[in-house]
Amino acid sequence: MRFRAIVTINKLIDMTLNNYIDDVLLEARNNNITESEKLSRHQIELWIKSYRAMLIKQKLDKKESIDDMFTQTIRMHVSKIENDPGHVEYVGDIELPTLLGTKWFTGLISVKDAYGNVIQLGSETKMKFQKYRKYTCKDYIAYKKNNKVYVEGGSNTLEWIDVQVIAEDPTENKLCYNPDKDEYPIPVHMWPTIKDMIFDHDFYTMSQQPSDITNNS
């Protein structure tokens, strides 16, 4: 039987990725789960990231509101790739991390210019029709294509954009990420669920696997 370690809410705030890994290992060892001795910290990290992404994806599928801690803003320079009279097309110079999306949501939350002005989100198809509209043809429209952000409109003054996204792995696009010092964004209520998934599924699966010890008798 597995006994849950008593963890106060305060200890779940501002925890790093390595703090979460240590929490899993500590509970496993306190409960004499021998499978934990076979695990690498990297494997536990992958489980944490995978279940975190799965739970966020479930919220997105249900169209529930998403906590700001799940989002990140990436500032990037944009380059002109098309400059026709009255129409300019830009592309962000940085590739986006893998985003959490659904059939109705790409994982791209918002795009703003360097002054904080919101750029309308759309699609490449919508932009093609926008070109021919009399009153809105010069308005900027931003959209995601493959792993890049594109912006099209009638002005040639755009240089920088701030892109807000929901990344599958919040560490993927973070320069110099330190798993010992940088906070890893998991809300208080989600961590017990993630830990239950690890113990009830992954540790259980490991316990059902045949031993590596071969009987030579």
In chain order, what residues pass the salt bridge (charged side-chain N to carboxylate O under 4.0 Å, His left out) check against [X], with sequence neighbours excluded?
{"X": "K80", "result": "none"}
{"X": "E45", "result": "K49"}
{"X": "K112", "result": "none"}

Do you know the tightest heavy-atom contact between [X] and [Y]?
{"X": "F105", "Y": "L100", "answer": "CE2-O, 3.8 Å"}
{"X": "W191", "Y": "V24", "answer": "CH2-CG2, 3.7 Å"}
{"X": "G92", "Y": "V78", "answer": "CA-CG1, 3.9 Å"}
{"X": "V151", "Y": "A142", "answer": "CG2-CB, 4.0 Å"}
{"X": "A28", "Y": "F203", "answer": "CB-CZ, 4.1 Å"}
{"X": "V149", "Y": "L108", "answer": "CG2-CD1, 4.4 Å"}

Heavy atoms, side chains only, cut-off 4.5 Å: are [X] and [Y] in contact?
{"X": "V91", "Y": "Y150", "value": "yes"}
{"X": "D67", "Y": "K59", "value": "no"}
{"X": "M76", "Y": "D93", "value": "no"}
{"X": "D180", "Y": "N18", "value": "yes"}
{"X": "L60", "Y": "I166", "value": "yes"}
{"X": "N19", "Y": "D23", "value": "no"}
{"X": "D169", "Y": "T98", "value": "no"}

Go through the steps for L121 and T106 under the test side-chain contact (heavy atoms from CB on, under 4.5 Å), then give the verdict. CA-CA 11 Å; L121 294 182; T106 64; over 6 Å; no
When rounded to the nearest 0.5 angstrom, what is the spacing between [atom1] in [X] and [atom2] in [Y]?
{"X": "D196", "Y": "D200", "atom1": "CG", "atom2": "CG", "answer": "5.5 Å"}
{"X": "D14", "Y": "T16", "atom1": "CG", "atom2": "OG1", "answer": "10.0 Å"}
{"X": "N156", "Y": "H87", "atom1": "CG", "atom2": "NE2", "answer": "12.5 Å"}
{"X": "Q72", "Y": "T171", "atom1": "CD", "atom2": "OG1", "answer": "9.0 Å"}
{"X": "I94", "Y": "I74", "atom1": "CD1", "atom2": "CD1", "answer": "7.0 Å"}
{"X": "R52", "Y": "M197", "atom1": "CZ", "atom2": "CE", "answer": "13.5 Å"}

Ignoring hydrogens and angles, state whether a donor on the side chain of Y143 or E152 is under 3.5 Å from an acceptor on the partner side chain.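 On atom types as modelled, these side chains qualify, holding a pair under 3.5 Å.
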Between the main-chain N or O of E27 and the side-chain N or O of N30, is there a donor-acceptor pair closer than 3.5 Å?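 Not at all, since once roles are kept as given, no pair shorter than 3.5 Å links the two residues.
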Linking I/L/V/M/F/W/Y whenever any side-chain heavy atoms sit under 4.5 Å apart, do V118 and I161 land together?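 No: no chain of side-chain contacts under 4.5 Å links V118 to I161.
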Give a yes or no on whether M190 and L46 share a hydrophobic cluster (residues Ile, Leu, Val, Met, Phe, Trp, Tyr; joining criterion: side-chain heavy atoms under 4.5 Å apart).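 They do not share one cluster, since no chain of ILVMFWY contacts under 4.5 Å joins M190 to L46.
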Contacts of type side-chain hydrogen bond (donor to acceptor under 3.5 Å, both in side chains), residue [X], not counting sequence neighbours:
{"X": "S110", "result": "Q164"}
{"X": "N147", "result": "none"}
{"X": "K57", "result": "D61"}

The criterion is side-chain contact (heavy atoms from CB on, under 4.5 Å); which residues satisfy it with [X], sequence neighbours excluded?
{"X": "S65", "answer": "none"}
{"X": "N146", "answer": "none"}
{"X": "L99", "answer": "L96, P97, K144, V165"}
{"X": "N117", "answer": "D113, Y115"}

Just to verify, what does H201 make a ring-ring contact (aromatic ring centres under 6.0 Å, His included) with, not counting sequence neighbours?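 If we apply the ring-ring contact (aromatic ring centres under 6.0 Å, His included) test to H201, skipping adjacent residues, there are no hits.
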Could you go step by step and tell me if Y177 and L17 meet the side-chain contact (heavy atoms from CB on, under 4.5 Å) rule? CA-CA 10 Å; Y177 176 77; L17 184 54; 3.5 Å; yes
Apply side-chain contact (heavy atoms from CB on, under 4.5 Å) to the pair E183 and M15, showing each step before the final yes or no. CA-CA 5 Å; E183 181 183 357; M15 287 179 68; over 6 Å; no
Any ring pair (Phe, Tyr, Trp, His ring centres under 6.0 Å) involving residues 50-83? Give me the pairs, sequence neighbours left out, ordered by first then second residue. H77-W160
